[in-house]
Amino acid sequence: MNSNTVTVTTLFFSFAADRMNGRRKTFDLPRGTTLGDMVHQYLEPVLGPESRNWLYSVNEEWASWDTHLENGDEIAVIPPVSGG
Amino acid sequence: MNSNTVTVTTLFFSFAADRMNGRRKTFDLPRGTTLGDMVHQYLEPVLGPESRNWLYSVNEEWASWDTHLENGDEIAVIPPVSGG
Amino acid sequence: MDIYRITKEPIDVASALVAIGDDRAGAQALFLGTVRNEFAGRASRGLYYDAYEPLAEKELRRIGDELKQDFGALHVVLIHRIGELPLGEVSVLVAVSAGHRTEAFAAAREGIDRIKSRVPIWKKEHWDDGQDAWHDDPEAFSPK
Amino acid sequence: MDIYRITKEPIDVASALVAIGDDRAGAQALFLGTVRNEFAGRASRGLYYDAYEPLAEKELRRIGDELKQDFGALHVVLIHRIGELPLGEVSVLVAVSAGHRTEAFAAAREGIDRIKSRVPIWKKEHWDDGQDAWHDDPEAFSPK
C-alpha cells in the first residue's frame, strides 16, 4: 500500500456473506474511489446487479454513492433486511 | 309472601349503589311483574329517568324489559360501564 | 390456552404470555391499562374498580370468542383487576396470539375497546384534591 | 426509560414493562414477534437471525425517537434477539407507554413495521425438510 491507495474493510451479511464466501474482506482501492465505484467494480460482479439497489454504510452510518472512501473505512453491505 | 307475590334480589353497583344506599335490596313484587315494570315502579324514582336506558341482567344474564320475574331471581342494575 | 378473569390480585403478565404461546403464532400483542395521574386535566391519585363479577367474566369470555372468530386470534387472555389501585398499577390486560401482526394488533385493540364498552366494571376516580367520583355518573362526575 | 438493544440472550418482557412504566401513562402496548412453525405454507423448525449490531442499535434508537415524536410515546423499548431461535421463542419486542390507547397501539404498530423495513437484521429459515434459506434472497428463497 502506498499513499495513492486506501485500504477498506467490507462486512457482508445474510446471503451476501454466503456469496462472498465470508463476512469480512479487505480491499485496496485507488485514492479517490467512491462507494459507488467500489460497489460497481468489486461487489456487483459477485453479488449481482441487484446489489446496486441495496443500502450501504460507511463507519456505522448510512452512506451515499458519492461518499469518498478513506483509509481504514469500514463498509457494510446491507441486502434487503428481514428482521422481526 | 304468598303465592301471588315473588321475592327478588336486586344488586346495585357504582353510583347506582350510592343512590340506593346499598349494594343489595330485596323487593316483593306481584306475580307477573316484568323487569320493565319493576324498573319503572321501584328503581326509576330513586335512580332517575336515565335508568331506563341502562342495561339489566337477571340471574347473571342480560335481560330484556319483558322478562317475567320469578321468585328468587337475582337482578343486577348495570349503569354505564367504565372499565379499562 | 385462554384466561378470562376478574381478580383482586396484581395481574401477572408472564402467565398471560405463557397462556397465549403457540408454535403457529408469529405475533403476540398485549395491551395493559395503567392507572394515570390525571383524567381530563384534573390530577388523580388512584382508582377504585367495582365489577359484577359473574357477568363480567361471562362477557370477557364472549369477547374472547369474538376475537377468535373476527380476527383469527389463536389464544386470548382478558383479565381485569378490581379494588383499590394506586398510580401506575395495571388495571386491565389484553393478550392475544395470532399468525401475523395485523391480526394480533386488531384483536388486541378490539379486545380493550369491547371490554370498555360492554363489561360490567366501573371505576371511581380518587382526585388528588380528596374528592371521589364514579366515571359516567351524570350527576357527580365533573372532571375539571 | 428507553432500551434499544440487539441481544443474543432471551428477551425479558418484565424488564421492558418496568422500563416503560410512567404515572402519566394510561396505556402500554407490547408487540412480541415469535418463531412460527411455517412460512407461506412450508413447515419450519426455527430461525437464525444475523445483524449488523452497531448500526442496528442506532436504527432502533432512531425509530424510538420517531415514535415519541410522531405518536407521543412516553417511553420505548425495542429489543431484537439474534442467533439460533427455536419455535415459539420471542425474536423481537416492541413496548411503548402513552397517555391513551390509540397512541400506544399506533406507536407499537409503527415500531414493528419500521424495524422490519429498516433495521439491518436478517433471518434464515430452517425448513423442516432440512434445507435453509435466507429471507429475501432472490436466488435461494422459494417458500413453497
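Lettering follows sequence order; numbering is per chain, from 1. Note: hydrogens, waters and symmetry copies are ignored here, and every other heavy atom, side chains too, is used.
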Counting only heavy atoms closer than 4.5 Å, note whether [X] contacts chain A via side chain, backbone, both or neither.
| X | value |
| --- | --- |
| D/Ala51 | backbone |
| D/Arg62 | side chain |
| D/Tyr49 | side chain |
| D/Arg81 | neither |
| D/Thr34 | neither |
| D/Lys58 | side chain |

- Query: Considering residues, nucleotides and ligands other than D/Arg5, do more than 12 of their heavy atoms fall under 6.0 Å from its CZ?
  - Reply: no
- Query: Got a sec, which pairs hit ring pair (Phe, Tyr, Trp, His ring centres under 6.0 Å) with one end in residues 50-84 of chain A, sequence neighbours left out?
  - Reply: A/Phe15-A/Trp54, A/Tyr56-A/Trp65
- Item | A/Glu50, part contacting chain D, at a heavy-atom distance under 4.5 Å |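 Answer is side chain: those atoms of A/Glu50 sit under 4.5 Å from chain D.
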- Measure A/Leu11 against the heavy atoms of chain D and call it side chain, backbone, both or neither at under 4.5 Å. side chain
- Message: Keeping D/Trp122 on the side-chain end and D/Tyr48 on the backbone end, is there a donor-acceptor pair under 3.5 Å?
- Response: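 No, the answer is negative, given that no donor and acceptor are paired below the 3.5 Å cut-off.
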- Message: Sort by residue number and list every residue of residues 35-44 of chain A having at least one heavy atom under 4.5 Å from chain D.
- Response: none
